[in-house]
Amino acid sequence: MNPAIVLLGQGGMPTARQLKELYPQACIWGQAARVQGADRTYEHFGDTLRALYRADTPIIALCAAGIVIRTLAPELAAKVAEPAVLAVAEDGSAVVPLLGGLAGANRLAREIGVCLAVAPAITTSGELRFGQCLLDPPAGYVLADIEQGKRFVSDLLAGEAVRVEGQAPWLAQTPLALAEDAPRVIHITPAVRPAARDELLIHPRSVVAVVRQADAGLAEHIANQLAGQGLAVASLAGLLAPFDTMGSVQLHAAAQALGVPVRFSDLPVSAAAVELQVHDRPVAVDTLGQRRGRLAVIGLGPGDRALMAPAVSAELARAHDVLGYETYVRMAGPFREDQVLHCTDNREELQRARHAFELAAQGRDVVVVSSGDPGVFAMASAVLEALDGAADPAWHRVDLQVLPGISASLATAAWAGAPLGHDFCLISLSDNLKPWEVIEQRLHLAGQADMAMAFYNPISRARPWQLGRALDILRQHRAPDTPVVLGRDVARPGQRLRVVTLGELLPEMVDMRTMVIVGSSTTRLIERPGQAPWVYTPRWYPAAPQR
Ligand code: SAH
């Protein structure tokens, strides 16, 4: 996983930038009030550090080791996750791996030490003696059993000689006491071996399962095949499957159960549902065939980052490509240099959706941004319209996700109190994509139904008269003292909330950045001195008169 470089003050920024050059995928986190130029900002250091730790994110904190230790102390007992945690002096003069020695903390410390030209403060005994931790083999290799590994390393530290069976190029530089007849053995093999006190077993990820047919029991089937050939499950580097299985739920469930990636390519025809390819060294799965692309349609919420779902932030962080109306793309940032932004005009929705599918079909992770919720007068429908009936099968195989956001009506309603606390409807007053007569009819019906209403797209330069006409219709159904909430730029800089009555409401009070909420006959006010009154619609409704 990509490390988080966490800054407490601006002083650490030059060091943070050096580390970012070393790890271009890393995210620099800076405290909102104190740090400028960070990739992400945070309000509370402790909460942020603990959340990163819980999410198993490697942490490089540019601050005193003591601060990090005290902050993470409450998390340590749980041991749900143990990512690498390092403290780096703000001026780059020291690097201290604190936690996660087995999750690569020492490796990171050594790499950072080289980058900053300082000696890493490595204290792990096996590591000091053998130059690197035998229990943290490089990428492409996995240790079979960590507890057995710890016993083995303490034996070696006591001076036992050892021999290596198999290919372990990274051990060549290590000052192990090698002896050809040593009873202690480091085995590098994809094969299963019974546990033995005098053995350290390391599996190269050198087996690829070629899957031609994905059924419900696929993971089990692959595990059985491995067992049948005496191979360890940990030796599995990944699955390779034909393109037409890319959308298979069973295939992805199996890959997840086995903890390996899936790649896709044109495979020669064969009768076998699963075939194992055993290579003589670890397989770089990323170089096989193509990955499955992802298209996520996300909702940013009304504006304020705090109102954005964490799943949406995570999606933005993993995106290769970000598409959307320029204002919203800017709102979704900051982005890393390796992320490609495709800003378009607000009206080119269908074209944008098609472009998104084309990119995702090439195996890229694509995010399409909407403000508020993507399913409310926004991009999710446009994306599904583009998919509906699309001829290219590759579009249908993309990992398509819609991630919700807080819609403007809900953000505005919350600020005002609870005007949508009873039945309500959401109506767009834009007649760009629907006839104005339909809008009029819906306003009449919603008026008769005595529901509260939230109006999106209430007015624009191209649609100057529609709101006035809509208000005329509403006034046929609602009393002049019906409360109306106007929220402009809610959760954005310069946000404004007004409460007026239907009788007072003029189209001039409203623009395209305004959310208009008109109450029902039961909507009422609670005065608040010095600010707009609370507006709420009670949960109950008077009984209808008996006929
Ligand atoms: N998908 C968006 C709505 C897009 S339609 C959502 O779920 O919020 C655009 C309309 O939404 C605007 O014309 C305005 O009426 C309303 N709107 C969007 N963001 C707003 C905000 N922050 N404050 C007030 N109104 C907003």
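Just so we're clear, the structure is a prediction, and the values are computed from it rather than from any experiment. Numbering of ligands and ligand atoms starts at 1, following listing order.
Closer than 4.0 angstrom to ligand 1 by heavy atom are Pro302, Ser371, Gly372, Asp373, Val376, Phe377, Ala378, Ser407, Ala408, Tyr456, Asn457, Pro458, Gly487, Asp489, Val490, Arg492, Met512, Arg513, Thr514, Met515, sorted by chain and number.
Crowding of Gln476 atom CD: a count of heavy atoms from other residues, nucleotides or ligands under 6.0 Å exceeding 12.
The aromatic rings of Tyr325 and Tyr328 sit perpendicular, their planes meeting at an angle over 60°, well past the 30° parallel limit. Classified by interplanar angle (parallel below 30°, tilted 30° to 60°, perpendicular above 60°), the ring pair His252/Phe264 is tilted.
For the ring-ring contact (aromatic ring centres under 6.0 Å, His included) test, no residue two or more places apart in sequence or in another chain qualifies with Phe243. Judged as a salt bridge (Lys or Arg N to Asp or Glu O under 4.0 Å), and not counting sequence neighbours, the contacts of Asp399 are Arg294. For Arg488, the salt bridge (Lys or Arg N to Asp or Glu O under 4.0 Å) test picks out Asp511, with sequence neighbours left out.
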